Amino acid sequence: MSDPTAHHVGITVRELDRAVDFYRDTFGFEVLSRFEVSGEAFATGVGVDGATGQFAHLDADGVRVELIEYDPEGADATPESVNQPGATHLGFSVDDLDAFYGGLDVETLSDPQVTSSGTKILFLRDPEDNLIEVIEA
């Protein structure tokens, strides 16, 4: 038996081009590849009849972010709030959160906050309403 290792973080999106633009322009992530996957084996593997997936892989400083646009599209599964069971978020770090925040052209949940643990945090949503946490580290 082989030992599992992390490979990627996957996010299903409605509009792949818009999502790619957001992650590239907001965080500076490099687009590693774009491709389509379809066919019976794919549909069976993901459990969606007739599924086709448009994929983009981005490099987030060594973490692969996989964005997928499915056809057919399923129902929205984005939780309203980070405290809902099943909620997920991506976490990224920057050296200077205030400088990062000052350069953002997107709405955030608040301005940067320093938590009781001393960590400076900022939450925002991508164009698909997925939560993203940015910490100063």
Side-chain angles (χ1 to χ4, degrees):
M1 181 166 129
S2 64
D3 294 327
T5 60
H7 183 267
H8 67 270
V9 175
I11 304 169
T12 299
V13 299
R14 282 185 190 88
E15 296 180 37
L16 185 61
D17 290 336
R18 180 176 71 169
V20 167
D21 290 347
F22 173 82
Y23 284 95
R24 185 193 61 227
D25 298 346
T26 302
F27 295 103
F29 296 163
E30 176 187 355
V31 178
L32 299 172
S33 62
R34 291 186 71 147
F35 55 95
E36 178 179 305
V37 180
S38 60
E40 188 174 329
F42 177 69
T44 300
V46 298
V48 177
D49 289 340
T52 297
Q54 298 291 329
F55 290 78
H57 284 182
L58 294 88
D59 179 22
D61 193 31
V63 174
R64 184 180 303 225
V65 175
E66 179 181 79
L67 304 173
I68 314 118
E69 178 183 328
Y70 280 96
D71 182 23
E73 181 179 302
D76 189 2
T78 303
E80 291 288 320
S81 179
V82 72
N83 67 336
Q84 288 180 267
T88 60
H89 70 273
L90 291 172
F92 303 119
S93 65
V94 295
D95 291 333
D96 184 341
L97 189 57
D98 292 322
F100 176 79
Y101 176 69
L104 282 177
D105 190 25
V106 298
E107 186 176 335
T108 60
L109 275 61
S110 71
D111 56 341
Q113 302 291 310
V114 178
T115 68
S116 62
S117 68
T119 304
K120 189 180 281 190
I121 65 168
L122 172 71
F123 273 85
L124 57 115
R125 290 187 180 272
D126 74 6
E128 302 287 339
D129 225 18
N130 296 299
L131 282 167
I132 300 169
E133 178 183 18
V134 184
I135 64 171
E136 186 172 280

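Being a predicted model, the structure only gives us computed values, none of them experimental.
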Q. Which pairs, with at least one residue in residues 95-105 and sequence neighbours excluded, count as a side-chain hydrogen bond (donor to acceptor under 3.5 Å, both in side chains)?
A. Asp98-Lys120
Q) Taking all atoms of both residues into account, what is the closest heavy-atom pair of Arg125 and Asp129, and its distance? A) NH1-O, 2.5 Å
Q | Salt-bridge present (Asp21, Arg18; N to O < 4.0 Å) | A | no
Q: Just grab all the ring-ring contact (aromatic ring centres under 6.0 Å, His included) pairs involving residues 103-122, residues at least two apart or on different chains.
A: none
Q) Rest of the hydrophobic cluster containing Tyr70 (Ile/Leu/Val/Met/Phe/Trp/Tyr, side-chain heavy atoms under 4.5 Å)? A) Phe35, Val37, Phe42, Val46, Val48, Phe55, Ile68
Q. Is Val114 isolated, or which residues cluster with it under the ILVMFWY side-chain rule of less than 4.5 Å, directly or via members?
A. none
Q: Flag yes if Leu97 and Leu104 sit in one hydrophobic cluster, no otherwise; membership is Ile, Leu, Val, Met, Phe, Trp, Tyr, and two members link when side-chain heavy atoms are under 4.5 Å apart.
A: yes
Q. How long is the span from the OG atom in Ser93 to the CD1 atom in Ile121, to the nearest 0.5 Å?
A. 14.0 Å
Q: Give the C-alpha distance, both sets of side-chain angles, the deciding distance and a yes or no for side chain to side chain contact (heavy atoms under 4.5 Å, CB included) between Phe100 and Val134.
A: CA-CA 9 Å; Phe100 176 79; Val134 184; 4.0 Å; yes
Q.
Once side-chain hydrogen bond (donor to acceptor under 3.5 Å, both in side chains) is applied, what residue pairs with a partner in residues 34-44 remain, sequence neighbours excluded?
A. Asp17-Arg34, Glu36-Gln54
Q: Could you please spell out the steps behind the side chain to side chain contact (heavy atoms under 4.5 Å, CB included) verdict for Val94 and Phe27?
A: CA-CA 10 Å; Val94 295; Phe27 295 103; 5.9 Å; no
Q. Arg64 side chain to Leu58 main-chain N or O, any donor-acceptor pair under 3.5 Å?
A. no
Q: Rounded to the nearest 0.5 Å, what's the gap from CG on Leu131 to CG on Leu124? Could you check?
A: 8.5 Å
Q: Give, for atom CZ of Phe92 and atom OH of Tyr23, the distance between the pair rounded to the nearest 0.5 Å.
A: 6.0 Å
Q.
Would you compute the distance between atom CG of Leu109 and atom CG of Leu122 and round it to the nearest 0.5 angstrom?
A. 8.5 Å
Q.
Between Val20 and Leu90, is there shared hydrophobic-cluster membership here, with clusters defined by ILVMFWY side-chain heavy atoms closer than 4.5 Å?
A. yes
Q. Within the distance-only criterion (no hydrogens, no angle test), does the side chain of Glu133 pair as donor or acceptor with the backbone N or O of Gly91 below 3.5 angstrom?
A. no
(Q) Give me the atom names and distance for the closest heavy-atom approach of Gly50 to Ala43. (A) N-CB, 3.7 Å
Show me the side-chain donor-acceptor pairs of residues 6-15 shorter than 3.5 Å, one per line, residues at least two apart or across chains.
from	atom 1	to	atom 2	distance (Å)
His8	NE2	Glu66	OE1	3.2

Q | Point-to-point distance, once rounded to the nearest 0.5 Å, from CD of Glu69 to CG of Leu16 | A | 5.5 Å
